[in-house]
Amino acid sequence: MSPVIVAEDIGVAIAPDEVLLPPVSFQLETGSALAVVGPNGAGKTTLLRVLAGLIAPTSGLVSVAGASIEERNPVFRRRVAALIGMPPLARDLTVREHLVLVATSWGTPADHAQEQSDALLTSFDLARLGRRFPHELSSGQVQLFSIALTLARPFNLLVVDEPEQRLDRHRLGLVTAALQAHVRAGTTLVFATHSADLVEQLANQVLEVGDVGPAPDSA
Amino acid sequence: MSVPLLTPRERIGGARRLYQDRGGARTQGDTAYLAYLVVLVLAMVVIPLLIGTARVLAEPEILSALQSAGSRQVVLAVSGALLAAATVVGMHRGPAHLPPVLVSLLAGTDLPRSRTLLRPFVTAAVALTILFTVAGGLLATVLVLESGLDVPGALGLTGAAAALGVIAAAAWLAGQRVGPRHGWVLTVALLAATGLTLLVPALATVTPWGWVADLWPPTADGPPWALLPLVLVALVCAERVPRLLDRVLGPLLLRQARQWEIVSIAAYTGDLASALATFRALPRLGRRWWAVPGSTTVLQYAVRDLVGAARTPVRAVTGLAFLILGGALMSLAVAGTPVSPLVLAGLGAVAGFLALGTLTDGFRHAADTRSLPTLFGHTTAQLFLLHTLVPVLLAVLCSVAGAGLARLAGWPAAGLVEAALLGVLLVAVRAFDSTKGPLPLTLLTPAPSPVGDLSGLMVMAWQADALLLAIALGLGLAYVLTTGGLLLAAGAAVLALVAVVGLAYGRLNDL
């Protein structure tokens with residue numbers, strides 16, 4: 001099986017002595033889950049931004065599904081979903097409407113989009129919040145909603161930055177289960193994390209970036 | 001050993017000194033620069049504006065309008081509307097305003113708010129009263145010099161303006177007391193009462209706006225007796241201030257303080273869009289209305305925009321009302337009124353531009369997607385297009401409705417098509433405004449000129465670029481219409497539309 005992601009010495013620098021991401025290399029097969037670990041400022045989010053096509057590496061080569069990363073390419077956009085920071089939320093749409101709008105924008109029929117949205121809300125324990133507006137959610141609920149919103153669109157490669165943020169143990173379990181289900185279904189997952197539990201439960205590859213200290217216990 | 005407690009006066013003084021001595025406090029150099037900026041703006045903007053306004057007021061057509069029989073009704077309506085506007089401002093930035101730290105140190109303690117908030121209130125109220133007095137005095141001076149108004153009449157008008165200023169300060173505080181959630185009731189009540197006074201003239205004898213109208217020199221009849229109840233009401237309002245201050249809610253004070261701190265930071269960083277976002281009403285209604293129907297994409301986004309706007313109904317209705325007003329003003333610009341076409345078109349463009357801000361949340365949401373990972377199956381440019389239909393339709397409908405109202409009011413030459421053209425152009429300007437990126441650092445470099453460093457003014461111009469563009473388009477359209485006719489104006493509007501869309505697209509790619 002050919003790898004989905006091939007990265008060879010990719011790095012990002014904003015000046016000769018200002019390195020955001022020291023060179024890293026890795027390969028990732030379809031249906032694999034890569035945990036990117038390292039201390040704050042090591043370059044984890046920068047690596048995810050490169051994979052999502054938000055910034056270009058200043059050194060090295062990287063490809064997704066055999067093609068270079070190009071955010072303007074519709075095929076790339078359909079293939080790669082990413083959650084890095086807050087997604088764009090509309091203040092005048094409810095939680096459920098957001099999910100349906102995202103799904104239908106990718107061509108999902110309306111009735112199926114509604115069913116999928118309800119399933120996502122249920123799986124994240126958000127069903128009772130479906131009619132709330134984004135500003136009426138707690139910070140943890142916003143994090144869950146953001147992950148659900150990202151999963152509402154189609155993708156083959158999922159890139160997520162610190163999915164554990166602001167979540168209690170129960171809700172982190174819900175997120176872990178949802179991501180595990182996607183990986184089992186063939187999705188390739190790359191996630192940055194500080195959670196040793198998440199690494200242990202999700203990852204079959206671990207990439208340490210930056211000037212790392214002791215890595216969390218991992219598989 | 002017991003420690004003697006500080007008196008309230010000492011506590012308030014101590015907290016203020018603590019704030020003034022803080023690390024990030026304004027230095028002497030900052031104060032000097034601020035004073036320099038104030039002098040620069042006074043000399044280059046305010047004084048020329050006052051002189052220019054006086055000259056415009058002294059134009060024969062304007063003077064004749066000021067002295068016409070109908071001017072009394074206009075004065076009445078404007079006076080009532082100013083009080084209503086004061087309540088709206090109070091909901092978002094009240095006169096009892098303190099920085100967040102002082103809200104905690106002063107208003108958050110056991111000291112009565114009538115003491116801790118008195119100083120900021122008095123400062124703001126005095127400033128507002130001066131503003132009203134200057135405006136009234138300017139009108140009075142023009143009437144004395146150009147139409148032979150006697151001095152008692154001029155003093156009566158100036159006094160009425162000052163008294164109205166005091167009442168407006170109380171209305172401003174009342175708006176702050178009630179807050180944005182329920183304050184609209186106060187505003188609507190004042191507007192309704194003013195409208196009722198216009199319909200039932202007898203009510204003018206018992207309302208402040210009616211007394212101001214009674215004191216309007218060109219139509220005033222006999223001695224200025226109406227000044228007496230007006231001053232009396234102003235005194236009653238002043239007497240009620242401490243009670244109102246005591247009832248101002250702490251969370252509202254803190255929210256306003258935080259919002260305006262963001263605005264003041266934005267003034268330096270150039271991120272005015274984020275600052276304005278904190279003032280937009282958040283939806284609380286209509287969560288059961290379904291905003292994303294399973295239909296064609298265009299229709300889905302149209303419904304989504306309509307339902308989204310309807311979820312903040314006061315904001316939406318205000319926007320529609322201003323769109324109608326903008327359309328009426330633009331249509332009058334070509335109707336041969338006594339007022340300069342350019343003034344009417346400029347005001348119409350400002351009203352329309354501000355109004356469309358309430359109907360173009362979709363543009364701002366689309367712009368947000370530009371620098372984030374792809375979430376929607378449409379590109380950012382496609383999202384902009386999908387969010388265009390509703391603002392364009394409403395802009396055209398409301399502008400034409402405004403123009404129609406102008407015709408009904410007796411200006412048969414009022415331009416329906418002209419108003420619609422400006423409405424469409426303003427939607428494009430709103431799209432352009434949504435694509436604004438961060439403040440270019442080059443604007444912060446000194447720009448020496450014979451009158452001093454103009455970099456501050458350049459930053460202000462950059463902040464207001466969309467508003468200035470809207471005004472320029474309004475003025476340009478009025479000029480081409482009055483000199484070249486409708487066909488030429490339509491051609492110019494199409495060219496302007498292409499140019500604005502091009503500018504917006506260019507900025508979008510730079511985000």
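The sequence lines fix the lettering, A, B, ..., with proteins before strands; numbering per chain opens at 1. It should be emphasised that the depicted structure is a prediction, and the values quoted were computed from it without experimental measurement.
Around the CZ atom of B/Arg258, the shell of radius 6.0 Å holds no more than 12 heavy atoms that belong to other residues, nucleotides or ligands. A/His135 NE2: more than 12 foreign heavy atoms inside a 6.0 Å radius. In this structure, A/Phe124 places its CZ atom where more than 12 heavy-atom neighbours from other residues, nucleotides or ligands lie under 6.0 Å away.
The parts of B/Arg288 that come within reach of chain A are both its backbone and its side chain, each placing non-hydrogen atoms under 4.5 angstrom from that chain. Interface residue B/Gln300: only side-chain heavy atoms are found under 4.5 Å from chain A. In this structure, the portion of B/Ser371 lying under 4.5 Å from any heavy atom of chain A is its backbone and not its side chain. Using a 4.5 Å cut-off between heavy atoms, B/Ala367 does not touch chain A at all. Contacts of A/Leu149 with chain B are made by both backbone and side-chain atoms, with heavy-atom separations under 4.5 Å. Neither the backbone nor the side chain of B/Thr297 has a heavy atom closer than 4.5 Å to any heavy atom of chain A.
Shortest non-hydrogen contact noted between A/Arg132 and B/Arg287 is CA-NH1, 3.6 Å. The minimum heavy-atom distance linking B/Phe376 with A/Trp106 is given by the pair O-CZ2, 3.2 Å. Residues B/Gly377 and A/Ser105 share a closest heavy-atom pair of N-OG, 2.8 Å. In terms of heavy atoms, A/Ala90 sits closest to B/His365 at N-NE2, 3.6 Å. Scanning both residues, A/Ala82 and B/Pro373, for their nearest heavy atoms gives O-CB, 3.4 Å. Here the closest non-hydrogen pair linking A/Phe133 and B/Pro283 is CD1-O, 3.4 Å.
Contact count versus chain B (heavy atoms, under 4.5 Å) is highest, among A/Leu83, A/Leu101, A/Thr94, A/Leu89, for A/Leu101. Per-residue heavy-atom pair counts under 4.5 Å with chain A were compared for B/Ala366, B/Gly362, B/Ala291, B/Pro293, and the maximum is reached by B/Ala291. No other option in A/Pro88, A/Pro87, A/Ala110 has as many heavy-atom pairs under 4.5 Å with chain B as A/Pro88. In terms of non-hydrogen atom pairs under 4.5 Å with chain A, the most contact-rich of B/Asp305, B/Leu372, B/Asp368 is B/Leu372.
Looking at B/Trp290, its side chain never comes within 3.5 Å of a backbone N or O of A/Glu97 through a donor-acceptor pair. In this structure, A/Arg91 contributes its side chain and B/Arg280 its backbone to a donor-acceptor pair below 3.5 Å.
Side-chain contact check for A/Leu93 versus B/Arg311: some heavy-atom pair is nearer than 4.5 Å.
Rounded to the nearest 0.5 angstrom, A/Thr104 OG1 and B/Tyr301 OH are separated by 6.5 Å. Atom CG of A/Asp92 sits about 8.0 Å away from atom CZ of B/Arg315, to the nearest 0.5 Å. To the nearest 0.5 Å, atoms OG1 (B/Thr379) and CZ (A/Arg77) are separated by 6.0 Å.
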Could you check B/Val292 against A/Arg96 for side chain to side chain contact (heavy atoms under 4.5 Å, CB included), going step by step and ending with a plain yes or no? CA-CA 10 Å; B/Val292 282; A/Arg96 187 164 179 266; over 6 Å; no

List the steps, then state whether side chain to side chain contact (heavy atoms under 4.5 Å, CB included) holds for A/Arg153 with B/Thr374. CA-CA 10 Å; A/Arg153 51 150 295 177; B/Thr374 305; 3.8 Å; yes

